[in-house]
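Order of listing sets the numbers, starting from 1, for every ligand and every atom in it. In this chain, numbering begins with 1 at the start of the sequence shown.
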Amino acid sequence: MVKRRQGFSGLSAFVKKAFEQNEHTVDTPPDDPVSLDNGPSTSAVTSQADTSRKASQLEQNDQQTSPDYPSKKRKIGLLGSGLEKYDATGLVPFYTDPSEVPERLSKYFFQRTRYFSLYAEGCLLDSEGWYSVTPELIANQIAERCRCMTILDAFCGVGGNAIAFAKTCERVIAIDTSPIRLALARHNAAIYGVEDRIEFILGDYISFARSYLTRPSRRRNIDVVFLSPPWGGPEYLTGVQPTKPTSETDIGLQGSDADRVEEQEELHPEFTLSQIQPIHGAELFHISRQITKNIAYFLPRNTNLNEISSLVTHAQTDGFASGKEKEPEVRQERVEVEEEWMGSKLKALTCYFGGLASGQEDMFDDA
Ligand code: MGP
Ligand code: SAH
């Protein structure tokens, strides 16, 4: 199977133009109420307002006390010198101690090194990032399965998957509607040294897909689309707010072995694709299938499997079911559902379509 393809000229131009009007690639800090100025390096929880104030006080003191001396080089952001352009320090708090963490986020904080093994280097997450980031080992596993030339991460979040894709794909296009999360993703990517391998685009994936599909040249440029959309918040399983463990021990995360989360598995109502945001999950799939049939879809562990399989039962409507042969064989496409376990806990499902599914590799390069 040859998954690596050369020659994606034309896509770059499209990506640049795609959001010319209202949206943009994040080369500069987003124009947001929260400033992206680097605050002082801090391990404490500091509100943005406090951080900015302290930073400006420091600058004033420097000017008043040592006007004749060259200013000392000091590390002002979590990323350090040379990476200031990507540094999102101060945009959200960098938590290092459980006492700093709001109650609703503490169960996620205890799993921080699962999300980013380099968390201690300064990885940053906002609330939605904390509860939706893909744990690194799972992201790496998915990225290995999606190895290709160009991948589109349609819902980038704080970069859990995009960073992993940057290690296995030549090119990563990462989209998100949140300027904050996109800036955090780029910051986190810089910690992993892969920021230059990812093209961050601030915008709505649905609009992107629709413009991509109407561009004059329909040459295939995107090999794989990865979908990890919002599932409707952390209540997707039970409809209630997550509860707080009282200590790291409660969820079995003592020491370096973070794989021993023991918890009573409850019976959860089934998750249906209609709960996916920003549009029905089936519609999201079918739009994406017009870009490429190689889709990896990251879904809740309680998703209705019949709904997943019915996505390909109606494959005719995607335009990929009929072959190029004179007498096309009727071939039922299959979907491969991979359970993502961490220790004894099932975290999520990744559904592989088209040439990403085992046994269907020959479909990978079909137009
Ligand atoms: P979880 O079940 O909410 O977390 O999500 P956890 O820590 O297993 O909680 P517990 O109470 O079940 O122990 C499991 C995984 O699903 C998370 O680590 C995320 O990777 C992913 N995830 C969760 N949410 C709410 C979303 C979401 O809205 N979108 C996406 N793409 N992924 C999510
Ligand atoms: N895989 C990511 C988490 C994705 S969470 C990670 O590992 O970090 C889902 C993300 O989808 C959120 O960051 C949210 O801002 C984004 N999102 C919501 N609607 C969107 C849209 N229409 N287009 C692109 N991104 C969107």
Side-chain angles (χ1 to χ4, degrees), residues 19 23 104-112 114-116 123-140 142-143 152-165 172-186 188-189 198 200-210 225-238 240-245 250-253 258 261-266 268 271 275-279 281 283-284 287-288 296-303 339-350:
F19 296 108
E23 296 144 338
R104 73 199 148 79
L105 298 181
S106 58
K107 83 161 188 169
Y108 306 109
F109 175 73
F110 290 132
Q111 303 183 65
R112 61 197 176 280
R114 281 183 160 181
Y115 302 142
F116 292 112
C123 289
L124 293 174
L125 303 91
D126 69 344
S127 296
E128 187 165 342
W130 276 111
Y131 69 69
S132 54
V133 63
T134 305
E136 188 170 306
L137 287 177
I138 296 176
N140 287 344
I142 297 169
L152 175 63
D153 182 357
F155 302 89
C156 159
V158 294
N161 295 99
I163 291 168
F165 291 138
V172 183
I173 301 167
I175 302 181
D176 205 288
T177 43
S178 159
I180 304 248
R181 274 187 289 289
L182 211 58
L184 300 180
R186 197 174 58 160
N188 296 332
I198 307 171
F200 293 99
I201 300 182
L202 177 62
D204 165 36
Y205 166 65
I206 310 302
S207 311
F208 176 95
R210 291 195 174 124
V225 172
F226 176 68
L227 301 170
S228 64
W231 300 344
E235 307 81 15
Y236 75 94
L237 276 175
T238 59
V240 295
Q241 288 291 334
T243 51
K244 177 191 180 250
D250 286 0
I251 54 170
L253 291 182
V261 174
E262 294 298 335
E263 196 173 277
Q264 291 290 321
E265 198 54 57
E266 295 156 36
H268 299 297
F271 181 89
Q275 290 170 255
I276 296 276
Q277 294 165 352
I279 57 174
E283 197 189 339
L284 177 63
I287 289 175
S288 307
Y297 207 162
F298 191 68
L299 289 167
R301 58 185 185 253
N302 56 331
T303 306
E339 295 186 335
E340 310 294 6
W341 289 83
M342 294 204 79
S344 60
K345 184 97 196 281
L346 178 59
K347 288 281 178 183
L349 307 175
T350 312

Check each atom of ligand 2 against the heavy atoms of [X] and keep those under 4.0 Å away; list them by number with element.
X    : result
E128 : 12 (C), 14 (C)
G159 : 8 (O)
G157 : 8 (O), 13 (O)
D204 : 21 (C), 22 (N), 23 (N)

Q | Proximity winner for atom 9 (C) of ligand 2, if only heavy atoms of P278, G160, S132, S228 are counted | A | S228
Q | Y236 ring center near W231 ring center (under 6.0 Å) | A | yes
Hey, which atoms in ligand 1 end up nearer than 4.0 Å to a heavy atom of [X]?
X    : value
S132 : 19 (C), 20 (O), 22 (N), 26 (C), 27 (C), 29 (N), 30 (C), 32 (N), 33 (C)
Q111 : 7 (O)
K347 : 6 (P), 7 (O), 8 (O), 14 (C), 15 (C), 16 (O)
T134 : 20 (O)
P135 : 18 (O), 20 (O)

Heteroatom proximity flag, [X] to ligand 1, N/O under 3.5 Å:
X    : value
V133 : yes
Y108 : no
P229 : yes

Q. Could you give the distance from OG1 (T303) to CG (L349), rounded to the nearest 0.5 Å?
A. 5.5 Å
Q) What part of Y236, side chain, backbone, both or neither, has a heavy atom within less than 4.0 angstrom of ligand 1? A) side chain
Q) Of I180, N188, V158, which meets side chain to side chain contact (heavy atoms under 4.5 Å, CB included) against L124? A) N188
Do any heavy atoms of [X] fall under 4.0 Å from ligand 2?
X    : value
N161 : yes
G203 : yes
C156 : yes
S207 : no

For [X], state whether at least one heavy atom is located under 4.0 Å from any atom of ligand 1.
X    : result
R114 : no
M342 : no
G233 : yes
E128 : no

Q. Regarding R112 and the six-membered ring of F109, is the cationic atom NZ or CZ under 6.0 Å from the ring centre and inside 45° of its axis?
A. yes
If every non-hydrogen atom of [X] is compared with every non-hydrogen atom of [Y], which pair is closest and at what distance?
X    : Y    : result
A296 : T350 : CB-CG2, 4.4 Å
V133 : G160 : CG2-CA, 3.9 Å
P179 : L202 : N-CD1, 3.5 Å
C156 : L182 : SG-CD1, 4.0 Å
A174 : I198 : CB-CG2, 3.7 Å

Q) Is there a side-chain contact between L299 and L227, using heavy atoms and a 4.5 Å cut-off? A) no
Q. Where is the nearest protein heavy atom to atom 10 (C) of ligand 2: which residue, which atom, and how far?
A. D176 OD2, 3.5 Å
